[in-house]
Amino acid sequence: MKNLVFVFITISCFCFSCKKLGFCKDQELGFDRVENNLDALRIGGYYYGDLIGSNPDNPGIYIFYQNGTFYYDVQRPLEDAQNGEIDLGGQDARLNAKTGWGVYMISGNNLEIQSWLPSKNCHEVQVEKGVIENDSVFVITQFYSTDDDEVKMVDAEFRFVPYFPKPDSVVSFIP
């Protein structure tokens, strides 16, 4: 009988999300959302850059909101990202999933971003730290996942591109 229960649980984990079965829990962000009333970074658009340096022709898109929320959008072709020729639509799916969402904090010229990444059917938190060069450029110098805490040192520059209208930033999982 014990073997049958073990087999059932094992098969359930493979067929269903461990989160839905109550076997794992999304990690918590390390700080609360804080309204950004500073001029340290422009927020009327997005930033593009290649965090790990493996795909500079398809940088990731970072969106900062005045209400302190952050969103990582998928990688886009470099030329489109530089020229503001990307579509940040698909809002319904974005607003209903934690992946890519998080919070950010600016202290002096230091920037910290914490956002959710999918991991083992639950969400782990990725922490990125960097330095703000000016209101249109920042550099991420290190990042790590709270799942393994292995700090990765990088030199990833992100550049600003104006974009209007930005997608909505009000999500139920960031109070």
Side-chain angles (χ1 to χ4, degrees), residues 17-19 24-31 33-34 36 40-65 68-91 93-95 97-163 166-167 169 171 173-174:
S17 164
C18 288
K19 181 178 178 182
C24 71
K25 181 180 172 192
D26 288 342
Q27 294 182 354
E28 298 293 325
L29 299 172
F31 54 88
R33 178 180 63 82
V34 176
N36 176 12
L41 282 178
R42 295 175 65 187
I43 57 173
Y46 63 83
Y47 290 79
Y48 68 91
D50 182 21
L51 180 63
I52 58 176
S54 65
N55 200 356
D57 293 333
N58 292 292
I61 305 298
Y62 283 29
I63 304 170
F64 297 94
Y65 294 92
T69 59
F70 164 84
Y71 185 74
Y72 167 79
D73 200 61
V74 297
Q75 295 174 313
R76 306 296 177 99
L78 177 61
E79 189 173 320
D80 292 349
Q82 290 173 326
N83 296 328
E85 297 173 0
I86 62 173
D87 180 13
L88 295 175
Q91 201 161 290
R94 177 182 294 125
L95 294 174
K98 275 187 174 180
T99 300
W101 283 103
V103 293
Y104 71 98
M105 181 175 10
I106 297 172
S107 178
N109 69 335
N110 295 309
L111 171 66
E112 182 173 344
I113 303 166
Q114 294 190 7
S115 60
W116 283 293
L117 299 175
S119 173
K120 301 174 195 126
N121 296 315
C122 291
H123 289 90
E124 65 184 61
V125 173
Q126 177 165 290
V127 178
E128 300 176 40
K129 295 183 180 185
V131 177
I132 299 170
E133 300 287 325
N134 58 54
D135 71 350
S136 300
V137 177
F138 65 89
V139 177
I140 298 295
T141 56
Q142 62 177 296
F143 72 96
Y144 61 91
S145 162
T146 56
D147 202 35
D148 66 15
D149 291 329
E150 179 185 335
V151 176
K152 294 157 188 88
M153 303 305 288
V154 294
D155 186 25
E157 184 176 271
F158 286 76
R159 297 190 161 274
F160 179 77
V161 174
Y163 187 90
K166 282 177 27 177
S169 66
V171 291
F173 36 83
I174 300 178

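We're numbering straight along the sequence, starting at 1.
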Between [X] and [Y], is there a donor-acceptor pair closer than 3.5 Å when you use the side chain of the first and the backbone of the second?
| X | Y | answer |
| --- | --- | --- |
| Asp50 | Ser54 | yes |
| Glu112 | Met105 | no |
| Gln75 | Asn58 | yes |
| Asp26 | His123 | yes |

Flag side-chain contact, heavy atom, 4.5 Å: [X] against [Y]:
| X | Y | answer |
| --- | --- | --- |
| Tyr144 | Val127 | yes |
| Val131 | Phe138 | no |
| Ile61 | Val161 | no |
| Leu51 | Glu128 | yes |
| Leu41 | Ile132 | yes |

Query raised in the report: So, Tyr104 versus Phe70, ring centres under 6.0 angstrom or not?
Result: no
**Report entry** Test of ring centre spacing under 6.0 Å for Tyr62 and Tyr48
**Finding:**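 Ring-ring flag for Tyr62/Tyr48: false, centres at least 6.0 Å apart.
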Return the set of residues passing side-chain contact (heavy atoms from CB on, under 4.5 Å) with [X] (not counting sequence neighbours), or none when no residue passes.
| X | answer |
| --- | --- |
| Tyr65 | Ile63, Asn67, Thr69, Tyr71, Trp101, Lys166, Pro167, Ser169 |
| Asp80 | Pro77, Glu85, Ile86 |
| Glu28 | Lys25 |

**Report entry** Residue pairs fulfilling salt bridge (Lys or Arg N to Asp or Glu O under 4.0 Å) with at least one residue in residues 68-78, sequence neighbours excluded
**Finding:** Asp73-Arg76, Asp73-Arg94
Report task. Using the test side-chain hydrogen bond (donor to acceptor under 3.5 Å, both in side chains), find all partners of Ser145 that sit at least two apart in sequence or belong to another chain. Result -> Glu124
Report summary line: Hits for ring-ring contact (aromatic ring centres under 6.0 Å, His included) against Phe160, two or more places apart or cross-chain, chain-then-number order -> Tyr47
Query raised in the report: At what distance, to the nearest 0.5 angstrom, does NZ of Lys152 lie from CZ of Phe143?
Result: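 Going from NZ on Lys152 over to CZ on Phe143, the span is 5.5 Å.
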